[in-house]
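Side chains are part of it too, since the values below use all heavy atoms of this structure and drop only hydrogens, waters and symmetry mates.
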Amino acid sequence: MATIATIGVYGFDRETFLATLAETGIDLMLDVRQRRGVRGSEYAWANARRLQDSLSEAGIGYSHLKELAPTTELRQAQYRADAQRGEGKRSRTVLAPEYADGYTEKILDRVDLAPIVKWIGGSKAALLCVERDPEACHRSLIAARLRRDWGFSVEDLRPPADP
């Protein structure tokens, strides 16, 4: 059975992020972010070019799957729900139902995953976005679809707990 991992940027530093990928045997990163930049100097390492360079040095392939990125409209709906719960993007705990339903209908149901599954092939791939926890990110919806329709097992990679 093929495995797909999921990983976010928040909570990691560059070294721990790369070490987690190495320990897990990830050899293909599938970036599902709309904007491939992260605000703040502590996450500058995760901006597209720097991240791709680091992954290349580590022997990990990279592909941006823009077709799986959420639209600005969907992201705005999630931000409104976050505000109602008193959460921010970096502290989000769940996806809003409006966002999850909209993402599934407008993105996930319309994308043919077969070429992506073929691209993954025998690789150990990870879906990348920014949120720390997969429950708070659309990557969990993609992973669930890969599990349901293609038989993937899902492994969620998380940053180490704070000491």
Side-chain angles (χ1 to χ4, degrees), residues 1-75 78 89-90 92 95 99-100 102-104 106-160:
M1 175 184 300
T3 299
I4 189 81
T6 77
I7 192 167
V9 170
Y10 293 151
F12 282 103
D13 59 32
R14 178 186 177 276
E15 292 72 28
T16 307
F17 183 85
L18 292 171
T20 299
L21 297 178
E23 290 165 9
T24 313
I26 300 298
D27 58 5
L28 178 61
M29 183 64 63
L30 303 174
D31 191 339
V32 296
R33 298 178 290 175
Q34 179 189 39
R35 295 185 181 142
R36 295 181 299 152
V38 184
R39 292 183 187 203
S41 60
E42 70 184 300
Y43 294 113
W45 60 268
N47 293 329
R49 178 54 43 206
R50 289 181 184 136
L51 177 63
Q52 288 175 64
D53 289 346
S54 294
L55 292 171
S56 179
E57 290 171 14
I60 299 171
Y62 174 89
S63 185
H64 180 220
L65 301 180
K66 188 175 182 177
E67 66 271 26
L68 289 174
T71 64
T72 299
E73 174 189 3
L74 287 169
R75 288 180 25 253
Q78 181 64 53
K89 185 175 184 178
R90 294 187 188 196
R92 180 180 303 140
L95 287 175
Y99 177 95
Y103 180 82
T104 299
K106 294 175 182 174
I107 309 283
L108 202 49
D109 287 347
R110 297 178 185 190
V111 172
D112 181 5
L113 293 177
I116 295 167
V117 170
K118 185 176 181 180
W119 172 249
I120 293 170
S123 296
K124 175 95 185 255
L127 298 168
L128 169 73
C129 200
V130 295
E131 287 80 10
R132 179 188 187 284
D133 297 315
E135 302 83 9
C137 181
H138 74 287
R139 69 182 187 268
S140 66
L141 302 174
I142 302 166
R145 180 66 57 94
L146 289 170
R147 178 178 38 238
R148 186 192 82 186
D149 292 355
W150 298 90
F152 278 77
S153 64
V154 176
E155 180 178 7
D156 295 315
L157 307 177
R158 300 174 192 262

Please round to the nearest 0.5 Å and tell me the distance separating atom [atom1] of [X] and atom [atom2] of [Y].
| X | Y | atom1 | atom2 | result |
| --- | --- | --- | --- | --- |
| D53 | N47 | CG | CG | 11.5 Å |
| R36 | C129 | CZ | SG | 12.5 Å |
| D156 | R139 | CG | CZ | 7.0 Å |
| I60 | I26 | CD1 | CD1 | 7.5 Å |
| T20 | I7 | OG1 | CD1 | 5.5 Å |
| L74 | Y99 | CG | OH | 6.0 Å |

State, with a plain yes or no, whether a side-chain heavy atom of [X] is found less than 4.5 Å away from one of [Y].
| X | Y | value |
| --- | --- | --- |
| L113 | L68 | yes |
| I142 | V111 | no |
| L18 | S54 | yes |
| W150 | I4 | no |
| P134 | R158 | yes |

Practice problem: Check whether more than 12 heavy atoms from other residues, nucleotides or ligands sit under 6.0 Å from atom CD of E73, and answer yes or no. | Solution: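 Open.
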Restricting to side-chain hydrogen bond (donor to acceptor under 3.5 Å, both in side chains), what partner residues turn up for [X], sequence neighbours left out?
| X | result |
| --- | --- |
| S153 | T3 |
| E67 | none |
| D109 | R145 |
| D149 | none |

Self-check item: Sidechain N-carboxylate O distance under 4.0 Å for E57, R50
Solution: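 Answer for the salt bridge query: no.
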Quiz item: Are R90 and E42 within salt-bridge range, i.e. N to O under 4.0 Å?
Solution: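 Yes, this pair counts.
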Practice problem: Please find out if less than 6.0 Å separates the ring center of F12 from that of Y43. | Solution: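 So the answer is no for these two rings.
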Quiz item: Using a distance-only test with no angle check, is there a side-chain donor-acceptor pair under 3.5 angstrom linking T16 and D13?
Solution: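 Side-chain D/A pair, T16 to D13: present.
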Quiz prompt | Side-chain H-bond candidate by donor/acceptor type, S140 with E135, under 3.5 Å | solution =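 No, no side-chain donor-acceptor pair sits under 3.5 Å.
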Considering all heavy atoms of both residues, which atom of [X] and which atom of [Y] are nearest to each other, and what is their separation?
| X | Y | answer |
| --- | --- | --- |
| Y10 | E131 | CD1-CA, 3.9 Å |
| C137 | L95 | O-CD1, 3.5 Å |
| P159 | R132 | CG-NE, 3.6 Å |
| L30 | A125 | CD1-CB, 4.0 Å |
| L28 | Y62 | CD1-N, 4.1 Å |
| A143 | T6 | CB-CG2, 3.9 Å |

Practice problem: Taking H138 for its side chain and V32 for its backbone only, find out whether a donor-acceptor pair lies under 3.5 Å. | Solution: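 Indeed, once roles are kept as given, a pair shorter than 3.5 Å links the two residues.
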Exercise. Classify the ring geometry between W45 and F17 as parallel (under 30°), tilted (30 to 60°) or perpendicular (over 60°).
Key: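 W45 and F17: tilted rings.
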Quiz prompt | Residues L128, V9; criterion side-chain contact (heavy atoms from CB on, under 4.5 Å); working and verdict | solution = CA-CA 8 Å; L128 169 73; V9 170; 4.0 Å; yes
Quiz item: K106 and T71: side-chain contact (heavy atoms from CB on, under 4.5 Å), yes or no, with the steps?
Solution: CA-CA 9 Å; K106 294 175 182 174; T71 64; 5.7 Å; no
Quiz prompt | side-chain hydrogen bond (donor to acceptor under 3.5 Å, both in side chains) partners of residues 114-125, not counting sequence neighbours, each pair once | solution =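 Applying side-chain hydrogen bond (donor to acceptor under 3.5 Å, both in side chains) to every pair that reaches into residues 114-125, excluding sequence neighbours, yields K124-E155.
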Quiz item: Yes or no on side-chain contact (heavy atoms from CB on, under 4.5 Å) for L157 and T24, after CA distance, side-chain angles and deciding distance?
Solution: CA-CA 9 Å; L157 307 177; T24 313; 3.7 Å; yes
Self-check item: Residue pairs involving residues 16-35 (criterion salt bridge (Lys or Arg N to Asp or Glu O under 4.0 Å); sequence neighbours excluded)
Solution: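 Sorted pair list: D31-R33.
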